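Protein chains get the first letters and strands the later ones, always in sequence-line order, with residue 1 at the start of each. Only a predicted model underlies this, so the values are computations on that prediction, with no experimental measurement involved.
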Amino acid sequence: MKDIREDIAWAKINRDILGSLENPRKLYWVIVTCALAAFGVGVGCEIYQYRTGMGVANLNNPQVWGLYIATFIFWIGMSHSGTLLSAILHLMHADWRKPIYRFAEAMTTFSLMTAGLFVMVHIGRLWQFYYSLPYPNERGIWPNFQSPLLWDAMAIFTYLSSSVLFLYVGMIPDLAICRDHLHEGWRKKLYTLLALGWEGSDRQWRNFRVTYLTIACFLIPLAVSVHSIVASDFAMSQQPGWHVTSFPPYFVAGALYSGCAAIITLFIILRYVFRFEEYMTKSILKKTVRLTFAISMVWTYLNAVEFAGVWYSHDEASKAVLIEKATGIYAPFWWSMIFCGSVMPLVLAFKRFQTNIPVLFAVSLLLNLGMWLERWMIVAPTFSHGYYPWTWENDQWPSLIQWGMVFASFGWFTLLFMVFCKVFPSVSMYEVKEMVYHRSLHLKKGETAEQGAH
Amino acid sequence: MHRLLRLSILLMGLFSAAGSYAADATQPTLTTEDSLGPQVVQPIEFPHNRHAGLRNPNDPTNSDPAKGGMEIDCQYCHTYARRSAVAGIPPLQKCIGCHQSIETVRDKPRIQELFKYWDAKKPVPWKKVHDLPDFVRFNHERHIKRFVEQQNRPTQEACGYCHGDVKSMTVARRSKPLTMGWCATCHQKAHPVAAEGGTPIGNQAYWYSFQKPVADASGGAVKAQGPNDCWQCHK
Amino acid sequence: MSVSNLLENWSRFRHFHPVDDKPHDPYKWAMSIDLDACTGCNACSVACYAENNIPVVGKERFQHGQQMHWMRIERYWDEDGRDFPDQGAQFLPMMCQQCEAAPCETVCPVAATNHTADGLNSQIYNRCVGSRYCSANCPFKVRYFNWYDYPTTDNVWPAEMSQQLNPDVTVRGKGVMEKCTFCVQRLSAAKVTAKGEGRIVREGEVQTACQQACPTSAISFGNLVDPESRVHKQWLAQQVEIDKDEQEKHKEEGGSELRGYRILEELRPYPSVMYLERVRESAV
Amino acid sequence: MIDSGSVKHLAGHPFDRRDFLKVLGWSGAAVALSGCGNTSIEDGKETVVSYVEAADYVIPGIGVYYNSTCAQCDAGCSINGRVREGRVLKLEGNPDSAINRGKTCGLGQAGVQHHYNPDRVREPLLRNGDKGETITWDKAYALIAEKLSSVKGEEIAFLSGGVSGHLKTLLGNYLDSIGSKNHFVYEAVAPAVLRAANKKAYGMEMPRFNINKAKVVLSFGADFLGAWVSPVHFSQQYAQFRKGVDGKRGVLIQVESKMTLTGANADRWLAVRPGTEGILALGIINALGASGLNLSGDVAAAVKGYDKARVSKDTGVSAEQIDKIAALLKERTPSLVLAGSAAEGYAHGSQNAAAINLLNQVLGNVGKTVEASASVPFPQMAPAKGNTAALKSLNDGLAAGKYKVLFNYAANPVFTAPGALKFKDNLAKAGFKVAFAHYLDETALQADLVLPLDSALEDWGTQVPEYMAEGAQINIQQPLMEKLHANTRGMGDILLNLVKQRNPEGYKSFDDYYAYLRGALLQNKGALGGGGADDDTFWNETLTKGIVKLAGPAGALSGKASAVGLSLPSPSAADAQYPLQLIPGVTASLRDGRHANQPWLQESPDPLTTIVWDSWVEIHPKKAAELGITEGDIVEVASRTGSIKVQAYLFPGIHPDAISVPLGRGHEALGRYAKGYGANPFQILDAVFDKETGELALHETRVKVSKTGQRVIAVKDEGAAGGMQAGRKIAVRMSTDEVDQSEEI
């Protein structure tokens with residue numbers, strides 16, 4: 001099985017991929033409509049919550065965070081695989097990433113944007129949000145640089161802006177192709193503007209390569225740090241179940257894991273919707289699946305490390321939280337998380353499933369469910385079973401407003417992502433051409449060698 | 001490539017320089033059209049200038065209202081300021097106390113209005129001119145004690161730090177911004193280390209910046225006058 | 001002002017551990033609560049509602065765990081499986097412990113809660129953006145969030161009742177965190193009076209609302225720095241020191257014969273509230 | 001400035017102080033709702049209203065303190081109200097009062113919510129069909145005069161709660177003037193049996209109990225820290241008692257079937273079989289005798305049958321425990337034995353109380369920890385003590401159609417009368433019913449004419465407490481602020497007006513009740529300790545202090561608890577149909593329910609169950625397991641009289657043969673914070689009365705409990721861990737042999 005056919009003509013590549021900007025399958029419009037509707041639900045919830053107060057989310061003391069923060073971490077985590085595919089694999093010269101890195105990178109950007117929304121939704125006085133920004137003000141006071149939440153805000157903002165930049169820079173040659181091939185209209189103007197006068201000269205290519213490489217190098221530590229910092233929100237606090245040294249790598253692993261799972265899901269959708277069967281081949285899917293499997297095992301290992309660390313420590317409160325997770329009211333969710341996160345990926349170990357699209361679609365969704373549950377299981381049980389027994393509680397259940405908001409975030413993400421894929425080429429044309437070229441060279445070399453042997 | 005690098009370094013430098021300048025230079029200002037502050041319509045247009053304004057040296061009988069005031073001390077009417085956190089408005093009784101024996105102005109419309117309230121035993125519904133937000137605690141008594149009693153400054157000067165030149169106004173207007181940054185400008189300039197009576201510095205509040213801690217001469221506890229933690233002024 | 005300040009004070013970042021080498025002077029407000037005298041009658045809690053403009057949230061919101069009582073009375077039972085709790089119940093008034101190294105302070109993104117020179121843990125309502133991180137990190141869970149806009153909620157403060165509101169205390173709107181302040185409005189008033197007279201606040205001059213109401217005088221409150229204060233003497237007699245995470249007396253074999261202890265002291269928040277253990281007669 | 005210890009004295013400022021209680025335009029007093037919303041400076045939005053005239057000491061921004069008397073219960077605590085800009089903000093205790101010494105309870109703290117309550121009646125209302133029609137006071141007075149003119153004196157009945165002081169005098173005068181002798185003084189929860197027993201044993205109804213002087217307190221269901229007699233006073237005594245006489249910490253033993261707040265604070269809490277308190281008392285006397293204490297012949301004879309085995313069997317208290325208690329009582333003297341409402345509430349309540357008082361006598365406590373109390377030398381001002389026998393007699397009269405006109409003041413019998421009396425039905429038989437009311441409570445809703453009263457913080461009055469702490473004292477009640485509602489009147493003013501209808505000449509010199517009160521107090525200036533002072537000085541000083549302390553000798557104890565005639569029934573055999581004893585719980589904050597419309601009290605968790613805003617039934621976990629009941633099950637509690645539905649709460653502090661439902665909730669009227677919350681156990685009380693005094697036996701209702709199948713989540717402060725500490729050092733306890741309290745401050 002080949003990653004890509006070596007004999008695709010460049011013109012065909014242009015035609016196929018530019019086609020995705022024109023006429024997707026009907027399913028595309030179904031998805032966009034559903035996403036829009038889901039997002040609308042969230043808007044309604046937020047308006048109601050903003051006007052009435054956070055109480056409508058059925059948060060309480062001590063359960064002050066709930067699904068908003070859990071889903072926030074989920075989306076931050078989701079963003080990591082884009083960087084993995086586009087930057088890390090780029091540096092490692094794994095060329096099979098080429099047809100899929102663009103949409104992965106877009107996924108990074110949009111999931112960060114979704115995560116950012118949750119910060120807003122979560123905050124009690126959204127209208128005073130600007131207090132948390134370090135800007136010069138007449139009061140002469142700064143935000144608290146000690147707070148992991150502030151680090152968070154900064155890390156996410158930096159990561160988001162870098163990701164956008166990376167996505168954009170990597171798109172420039174393709175934008176030029178779009179510019180050159182599209183009919184007149186607003187899109188042509190847009191591409192003209194964004195392509196920055198790209199002509200494909202040698203000098204341009206050289207500068208482009210260096211810039212792209214530089215940003216990729218810059219982005220990798222950012223990606224690691226951003227989720228480490230999100231982990232610090234918990235690890236830096238003092239609460240049982242949160243104050244865990246291994247949280248940063250654990251979070252990063254979890255992030256890559258959920259990101260990879262999401263890539264599988266989106267891979268399958270895009271492949272169908274935009275008729276990318278030629279480019280997003282099953283062979284590439286298989287590689288992604290294997291990567292996912294590897295990461296899932298890392299995550300499982302780190303999970304075990306965390307449990308063992310707690311279990312063999314003298315921290316009775318943390319132990320109590322762990323036992324509560326496994327046996328208390330959250331037990332069904334916790335065990336589902338273990339099942340989805342550590343048992344489900346074993347399916348991916350079987351070769352026959354590694355290219356079975358329906359199975360992979362289902363499994364990838366379950367993996368993501370598991371990872372979402374993981375975030376919830378980090379946040380909620382500590383609140384309901386913290387240091388102070390008097391405030392333990394087990395009847396807090398997120399209200400429909402919270403669920404609505406979580407639901408809507410998927411709508412918002414899908415909406416952004418789908419619109420992006422329709423407006424911009426979601427498969428990198430120039431990189432695919434490169435790939436095809438390299439593969440054909442390789443093939444030729446192989447053929448030559450073969451002939452020589454004869 | 002190098003040019004690009006140089007350009008970005010230059011840009012970043014410019015940006016941070018501008019940012020830090022902006023951070024240091026932000027000064028609170030009034031946002032009204034003139035420097036006297038917003039106008040407030042009062043039930044009776046009380047002429048502060050007539051009561052507190054300077055006497056006209058050429059008019060010993062002080063008969064012409066257009067030309068001079070009577071130099072009444074602020075605290076003659078606003079007696080609560082030295083005794084309480086709030087300055088308050090004097091009771092109607094106070095106005096009448098003088099005005100019932102000043103026959104010359106009895107038929108003036110404003111005075112007639114005043115007596116109407118008095119006869120009905122109804123308080124005058126004055127509008128607040130200097131109205132701090134409800135989460136702010138400001139203590140008049142402390143400021144009067146410090147400036148007027150300890151440092152012997154003239155009342156009008158001391159009150160004027162926050163209330164402006166009221167003696168030149170008719171109806172008082174808020175001519176200072178009264179914002180947090182504005183309070184701080186004074187408290188940072190005018191309150192360096194004091195030998196006695198200062199409060200030692202906590203920790204975090206300073207770091208967030210409000211007031212710079214200064215070590216005293218002996219190198220001992222760090223002391224500062226005036227507000228030094230948020231709870232001094234916020235309630 | 002601000003950038004230079006930021007840079008200059010960088011080195012002071014958390015440098016001043018409040019309980020290290022520099023003791024508070026002239027004030028360090030602290031409390032001690034005698035659990036042997038506390039009867040669990042709730043007078044302190046109601047007094048706190050009256051003094052601090054605490055909203056009554058109503059049945060439904062109480063059920064959702066959204067109650068706002070800054071001072072709660074906890075009731076514990078013995079856990080030895082007897083049929084009857086024949087040594088009575090254990091009551092514990094719990095409010096913000098005004099920790100010296102408060103876990104809530106470091107995590108607030110906007111510095112709405114921080115330490116005052118008097119050793120209080122201040123909460124600045126108007127600075128709060130409502131991230132609720134402070135509550136998440138509070139080991140005692142004594143911070144209460146305004147889940148709704150109580151001032152505009154029906155029947156919380158109808159027109160007549162709003163006249164009872166204490167003008168010295170801000171009425172909190174939705175989205176801000178609040179907690180026990182050790183009645184800071186009373187403290188600052190007392191400090192102003194004292195300062196006007198060129199002295200520091202004397203023992204007995206200021207009481208918190210809970211202390212004032214407590215029918216058994218189980219609560220003492222005062223200036224821990226002042227050697228004349230009852231609180232100072234009590235802490236001394238009980239050998240409880242504010243900057244310890246484990247008291248010397250507890251290190252000895254066999255435990256101590258003194259009653260003073262602080263809750264969750266081992267987490268090193270250095271609480272400013274000392275409790276005195278309840279005593280039960282061994283002869284019956 | 002807000003130094004709460006100091007009081008700005010009024011003395012030396014002659015003025016008509018009522019002028020200064022005016023509310024200073026309160027928008028100017030910086031009480032804007034939601035301080036956080038207003039983030040910037042505002043210009044000319046708020047109005048600041050100053051006084052027209054002001055006294056020197058009235059300074060905006062500074063609290064002025066006035067002394068008055070708490071009217072939330074009858075204990076007579078003196079309060080000190082903080083007034084700012086003319087609004088009363090908070091009530092503190094008055095340190096000069098021997099009763100509460102500057103302290104208050106939660107109920108007292110909530111007094112401001114009575115005053116500012118949004119559901120107060122504001123206008124006189126006349127019944128028009130199902131509706132109340134607003135009328136003027138003149139019309140109301142005229143109507144009363146008209147109705148009274150057509151009936152005879154004995155056809156008029158006046159029902160009131162406990163009244164004392166000048167109000168009582170004036171009321172007496174009014175009743176005389178209309179020729180009625182039918183004054184019924186009714187309190188739903190009152191220690192009436194105890195009063196009678198005390199009268200017998202000590203010669204006075206309410207002697208002084210010196211808990212602080214006792215080394216051991218053995219309390220038979222007296223909830224003196226919660227709701228019994230004078231809880232704030234006893235709480236202070238309790239604190240001293242715990243510190244100990246001669247450094248020896250006092251020991252509290254509580255004997256009761258349902259744990260009260262006092263029981264929860266006991267060193268030893270004994271779950272006794274309901275109704276066998278007297279048997280246990282006699283058993284302890286017996287054990288004391290056995291351990292060598294000298295018993296007089298009749299006592300020894302009376303307790304002869306009460307050997308440990310029998311007592312232990314009857315009461316459920318182990319023989320070993322009885323021995324321990326006897327040994328402790330013998331060793332540590334003086335001690336104090338208290339008979340509380342739990343012991344009194346049975347058909348043999350008087351016998352129980354007598355047996356308990358006998359124990360006191362045997363221990364030699366009389367004269368040491370039970371002392372004669374002082375009394376006010378004006379018998380006409382002494383409190384009219386309410387009881388339930390009065391209600392029964394009124395009810396009988398109403399049923400017989402004896403009364404045509406009924407006045408009602410400070411009582412809510414439609415809510416609090418035992419269901420078996422059918423009081424509401426009988427009430428309808430009275431032709432014209434006048435209710436003097438703060439709220440439209442259940443009784444006021446049945447009235448034909450409702451007259452709105454001033455709150456206790458707007459009204460003048462005097463009050464004489466039933467329980468005198470040290471010397472005798474008369475408490476002064478004075479307005480702390482201007483009336484909130486223009487058309488409410490003080491009860492004194494109303495009575496004065498009514499009495500003037502009958503006797504205009506005798507009262508013409510009094511414009512209002514204030515003048516009457518002032519006149520009456522000045523008349524007795526000498527006796528009240530103001531001998532030399534001129535009238536104004538004396539009056540101002542009296543108001544400043546808020547208390548008139550009376551010198552004079554305390555009475556002497558007389559009488560003797562006698563063993564003669566003591567006959568205690570053996571515990572009743574199990575009743576198959578109604579197997580459980582219903583114990584109506586009297587909680588410190590809600591009591592008989594008159595203050596249930598004060599939201600602080602509704603939201604203040606019950607100390608033992610931490611439940612708020614609702615009623616519950618306490619069931620012992622074992623019993624609950626037997627019945628298959630878990631927490632949150634809605635159960636039906638049915639007696640012979642009726643049934644209520646209420647949520648179950650598993651409570652270890654209750655005898656398995658008993659259940660308890662708190663009183664005070666389950667209002668059908670009263671106001672927005674009371675109506676519809678919880679259930680009212682008064683409704684299902686059987687009409688069983690104490691055999692000697694005719695008092696309602698509150699604990700004698702037998703019930704059965706059955707599940708309805710519905711469930712709720714209990715609204716309570718307690719979390720999922722219940723009362724457990726999970727091994728963490730949260731609320732810790734030491735035993736007396738481990739602790740060294742000698743160096744304590």
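A pairwise comparison of heavy atoms in B:Asp134 and C:Thr170 identifies O-OG1, 3.7 Å as the closest pair.
Shown here are the ring pair (Phe, Tyr, Trp, His ring centres under 6.0 Å) partners of B:His234, two or more places apart in sequence or in another chain: B:Phe135. Judged as a ring pair (Phe, Tyr, Trp, His ring centres under 6.0 Å), and not counting sequence neighbours, C:Phe140 has no contacts.
Between atom NZ of residue B:Lys235 and atom CD1 of residue C:Ile124 there is a gap of 12.5 Å, rounded to the nearest 0.5 Å.
Under a 3.5 Å cut-off, the side chain of C:Ser122 and the backbone N or O of B:Cys230 do not form any donor-acceptor pair.
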- Could you walk me through whether C:Val184 and B:Arg137 pass side chain to side chain contact (heavy atoms under 4.5 Å, CB included), step by step? CA-CA 11 Å; C:Val184 67; B:Arg137 177 190 284 135; 4.2 Å; yes
- Message: Assess the residue pair B:Arg142 and C:Lys195 against the criterion (side chain to side chain contact (heavy atoms under 4.5 Å, CB included)); give the C-alpha distance rounded to whole Å, side-chain angles, the decisive distance to 0.1 Å, and a yes or no.
- Response: CA-CA 8 Å; B:Arg142 280 304 314 149; C:Lys195 203 167 182 182; 3.8 Å; yes
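Around atom NZ of B:Lys121, more than 12 heavy atoms belonging to other residues, nucleotides or ligands sit under 6.0 Å away. Heavy atoms from other residues, nucleotides or ligands lying under 6.0 Å from OH of B:Tyr161 number more than 12.
Contacts between C:Asn121 and chain B at a heavy-atom distance below 4.5 Å involve the backbone alone (N, CA, C, O). The contact between C:Ser188 and chain B is made entirely by side chain atoms (from C-beta outward), counting heavy-atom distances below 4.5 Å.
Looking only at side-chain heavy atoms (C-beta outward), B:Trp231 and C:Asp118 stay at 4.5 Å or farther from each other.
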